[in-house]
**Q** 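Below you'll find the structure I mean.
A note on names: the letters A, B, ... follow the listed sequences, proteins ahead of strands, and every chain is numbered from 1.
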2 protein chains.
Amino acid sequence: MATLSDVAAEAGVSPTAVSRYLNNRIDLPQATRDRIDAAIAKLDYRPNLLARRLSTGKSEAFALVTPDIANPFFAELAAAVERQAHANGYSVYITSTGGHADAEMNAIRRMADSHVDGLIMTTNRVDDGSLANLLAGRENVVLLDEDIDGVSVPRVFVDNAEGTYLAAKHLIAMGHRDIALIGGPHRLMSVNERLAGFTRAMDEAGLPVRPGWVLLGDYTRDYGVAAASVLLDAVDPPTAILACSDYIAIGVMQVVREHGLSIPNDISLVGFDDMAFAALVDPPLTTIRQPVAAMGELAVKHLLALLEGQTPAAETRLPVELVTRQSVAPPSRKALK
Amino acid sequence: MATLSDVAAEAGVSPTAVSRYLNNRIDLPQATRDRIDAAIAKLDYRPNLLARRLSTGKSEAFALVTPDIANPFFAELAAAVERQAHANGYSVYITSTGGHADAEMNAIRRMADSHVDGLIMTTNRVDDGSLANLLAGRENVVLLDEDIDGVSVPRVFVDNAEGTYLAAKHLIAMGHRDIALIGGPHRLMSVNERLAGFTRAMDEAGLPVRPGWVLLGDYTRDYGVAAASVLLDAVDPPTAILACSDYIAIGVMQVVREHGLSIPNDISLVGFDDMAFAALVDPPLTTIRQPVAAMGELAVKHLLALLEGQTPAAETRLPVELVTRQSVAPPSRKALK
DNA sequence: AATCGCTAGTAAAGCGCTTTACATGTTAAT
DNA sequence: ATTAACATGTAAAGCGCTTTACTAGCGATT
């Protein structure tokens with residue numbers, strides 16, 4: 001690989017001149033410019049980014065740490081982040097952590113060691129303080145999708161409470177009174193909020209939130225299966241289930257089918273996320289759409305703002321929306337007693 | 001950030017000693033080691049990877065360039081690559097290109113400029129030679145999933161022909177004779193091969209491959225819609241469709257439903273890929289499973305082998321398998337005439 | 001004639017690390 | 001007593017770039 005000095009020698013100037021020319025920090029006469037350009041072309045010179053980064057302390061790159069890139073939600077988030085970053089001349093380095101604490105810490109450290117200009121952090125765990133600690137001293141961090149307690153950096157979230165509120169209102173409007181909620185991990189911000197939105201809708205309708213019908217565990221299909229089994233094996237199952245993720249909803253669907261019941265005739269179901277598959281399952285899933293692309297974009301914008309020394313909003317809530325498909329119907333006469 | 005010299009000063013030794021100690025290139029007495037360890041802990045020292053990489057010329061990182069990280073197929077591939085790379089102490093930098101030629105070239109160049117140790121390349125286009133050109137001089141490259149003509153690096157593919165062969169055999173065994181194939185972009189390796197496998201199965205069964213029933217376009221849902229419309233609007237539609245990707249299959253499903261027909265009663269359908277949603281759609285999709293995790297792992301292993309100066313197999317074909325679900329049934333009596 | 005200001009650059013230090021080659025003091029062998 | 005070998009390090013160069021501070025030469029001004 002040709003180096004800057006090679007180019008300089010070839011063009012008969014000093015490396016300084018070439019460097020400054022390439023970075024638009026000097027005005028050179030046309031003849032000199034031509035010689036440098038010719039040298040670059042001849043030697044097929046490309047600047048060594050490592051060296052440049054070491055020298056300038058800037059990398060023109062962001063890190064995105066994410067629990068699981070194979071999860072379409074995070075994959076789409078990643079795609080949005082990348083798109084927006086590229087549009088602004090930044091690369092992004094994606095790491096997935098498997099949602100494991102050590103891996104998250106390692107990823108953050110490793111990214112810091114590589115001296116990226118900023119970090120977009122997504123997690124799906126509730127932190128025991130170690131993450132908060134690690135993030136505490138750092139600049140140019142933004143939190144996306146899920147909170148980490150005690151970290152005071154710009155945060156970009158979705159209006160979780162509004163989502164479940166809309167979903168529950170929809171179920172109630174269809175005539176349901178016996179509504180269960182299946183949520184993610186206890187104490188996770190999004191879970192708290194989604195529970196709160198659900199509770200508010202129920203309260204407003206004068207409906208009770210039965211403790212046995214609030215099941216908190218994981219945003220996974222497996223947990224959907226487990227929770228739905230509990231609900232459907234009870235003597236008086238709910239007529240509707242509000243699943244706090246589409247993955248949970250899929251699990252619920254499976255159990256409902258295994259019980260010889262049908263959605264939406266016997267049980268109504270609302271999901272959360274509006275993942276690509278939500279429209280494809282049987283029946284197509286009514287769900288709450290998260291503005292994934294907007295989330296990713298905004299996170300990048302905040303990072304860019306931080307780099308410019310600005311102070312973006314401490315917390316932004318992006319709006320969600322109810323997407324009506326075919327997994328919700330009025331409760332069956334039998335269920336209405 | 002503390003530097004190596006800071007640590008050295010704190011420990012009362014030379015930077016050389018610290019560096020060599022950290023890299024296990026020197027035997028120091030316990031007392032000295034303790035002093036260095038203490039200094040590192042006290043200053044919270046972490047080596048600057050940029051500097052290390054610039055100095056050693058090694059980055060302990062791979063690049064993975066991929067058309068679209070939001071596509072679950074590539075996302076899972078990426079996850080597998082990452083897992084395997086991490087297990088061997090390597091980071092991986094993922095870039096998605098949107099399947100656009102310029103973006104692919106830029107990504108490759110950019111990664112090269114960042115001096116990664118190796119590159120895993122996936123594409124979904126047929127190359128006009130520019131990619132091949134760009135890749136020609138480079139070492140430590142492996143091609144994954146799809147070929148690029150004229151690039152002589154280790155390649156890891158799936159047994160595409162075997163996949164469609166199995167799928168077609170399955171349909172034929174169920175009694176179908178009128179089978180159409182919807183494939184990806186003309187001239188893409190996987191498309192050629194999948195068509196070949198299909199043709200072989202049909203030939204072996206003495207069945208004709210009707211030109212009007214081989215539709216090549218894109219591996220997307222949209223193309224599935226377009227192609228299925230053509231097939232179903234014809235006077236004598238096929239009784240079975242072999243979709244060369246699950247995305248295509250989804251599009252087919254939609255069109256079949258819109259025509260008031262049912263899968264598998266009126267039309268049988270086989271997909272290709274076995275994406276996560278294949279089991280979730282209605283009806284669950286019979287499809288060809290690609291060993292995505294194995295593909296990612298093998299690509300990394302090949303890269304590691306290259307780095308060790310070994311010469312991995314020029315081309316590896318990973319086996320596919322037929323996953324039988326509920327989108328295939330014998331042709332209806334009517335269709336059998 | 002001396003000074004100023006401009007053009008067209010350059011020398012050298014530094015980013016933080018690795019690595020080669022060498023140095024010093026001590027112990028063991030002859 | 002001398003030498004060799006070993007233990008315990010260190011000095012300095014180099015990775016490829018950027019950046020600060022400087023300079024040589026020239027024409028214009030006073």
Side-chain angles (χ1 to χ4, degrees), chain A residues 1-40 43-61 89 91 109-117, chain B residues 1-40 43-61 89 91 109-117:
Chain A
M1 283 291 285
T3 74
L4 190 81
S5 303
D6 297 339
V7 171
E10 177 75 26
V13 292
S14 71
T16 312
V18 180
S19 171
R20 298 183 64 190
Y21 167 59
L22 288 178
N23 293 292
N24 292 316
R25 302 231 180 303
I26 195 174
D27 267 335
L28 293 178
Q30 189 61 47
T32 311
R33 295 212 295 267
D34 289 346
R35 278 193 344 264
I36 296 180
D37 287 339
I40 288 174
L43 300 176
D44 192 22
Y45 169 74
R46 310 216 84 223
N48 179 329
L49 291 188
L50 251 33
R52 163 177 294 170
R53 288 172 185 178
L54 177 61
S55 188
T56 58
K58 305 192 169 302
S59 68
E60 242 109 73
S91 301
R109 289 215 187 84
R110 218 182 149 78
M111 288 304 178
D113 297 347
S114 304
H115 291 260
V116 294
D117 293 332
Chain B
M1 282 290 285
T3 72
L4 190 81
S5 303
D6 297 338
V7 171
E10 176 75 25
V13 291
S14 72
T16 312
V18 179
S19 171
R20 299 183 64 190
Y21 167 60
L22 288 177
N23 293 292
N24 293 315
R25 301 230 181 300
I26 196 175
D27 266 333
L28 293 178
Q30 189 62 46
T32 311
R33 294 211 297 265
D34 289 346
R35 285 203 326 274
I36 296 179
D37 287 338
I40 287 174
L43 300 177
D44 192 24
Y45 169 74
R46 311 217 81 225
N48 179 327
L49 292 188
L50 251 34
R52 164 176 292 170
R53 289 173 185 178
L54 178 59
S55 188
T56 59
K58 304 192 169 302
S59 67
E60 243 110 70
S91 302
R109 289 217 186 84
R110 217 183 150 78
M111 288 303 177
D113 296 347
S114 303
H115 291 258
V116 294
D117 293 332

**Q** Report the residue (Thr16(A) or Met1(A)) whose heavy-atom-nearest nucleotide on DNA chain D is the more 5′ of the two.
**A** Met1(A)
**Q** Compare all side-chain heavy atoms of Arg53(A) with those of Ser114(A) and state whether any distance is below 4.5 angstrom.
**A** no
**Q** Where does the chain B footprint on DNA chain D start and end, counting 5' to 3' with a 4.0 Å heavy-atom cut-off?
**A** dT8(D) to dG16(D)
**Q** If you look at every strand shown and take non-hydrogen atoms under 4.0 Å, does Thr56(B) touch a base, only sugar-phosphate, or nothing?
**A** sugar-phosphate
**Q** Just wondering, are more than 12 heavy atoms of other shown residues or ligands nearer than 6.0 Å to CG in Asp27(A)?
**A** no
**Q** Check whether Ser55(A) reaches the backbone of Ala51(A) with its side chain - one donor and one acceptor, N or O, closer than 3.5 Å.
**A** no
**Q** Using whole Å, what does the distance between atom C1' of nucleotide dT7(C) and atom OH of Tyr21(A) come to?
**A** 17 Å
**Q** Nearest heavy-atom pair of Leu50(B) and Leu54(A): which atoms, and what distance?
**A** CD2-N, 4.1 Å
**Q** Are there over 12 heavy-atom neighbours, none belonging to Asp34(A), within less than 6.0 Å of that residue's CG?
**A** yes
**Q** Going through the checks in order, is the side-chain contact (heavy atoms from CB on, under 4.5 Å) test met by Val7(B) and Glu10(B)?
**A** CA-CA 5 Å; Val7(B) 171; Glu10(B) 176 75 25; 5.6 Å; no
**Q** Within residues 22-30 of chain A, which residues have any heavy atom lying less than 4.0 Å from an atom of DNA chain D?
**A** Asn23(A), Arg25(A)
**Q** Once you apply a heavy-atom cut-off of 4.0 Å, does Pro47(B) come out as touching a base, just sugar-phosphate, or nothing?
**A** sugar-phosphate
**Q** Begin with the C-alpha distance, continue with both residues' side-chain angles, and end with the deciding distance and a verdict on side-chain contact (heavy atoms from CB on, under 4.5 Å) for Asn48(B) and Thr3(B).
**A** CA-CA 8 Å; Asn48(B) 179 327; Thr3(B) 72; over 6 Å; no
**Q** Could you walk me through whether Ile36(A) and Leu28(A) pass the side-chain contact (heavy atoms from CB on, under 4.5 Å) check?
**A** CA-CA 10 Å; Ile36(A) 296 180; Leu28(A) 293 178; 3.8 Å; yes
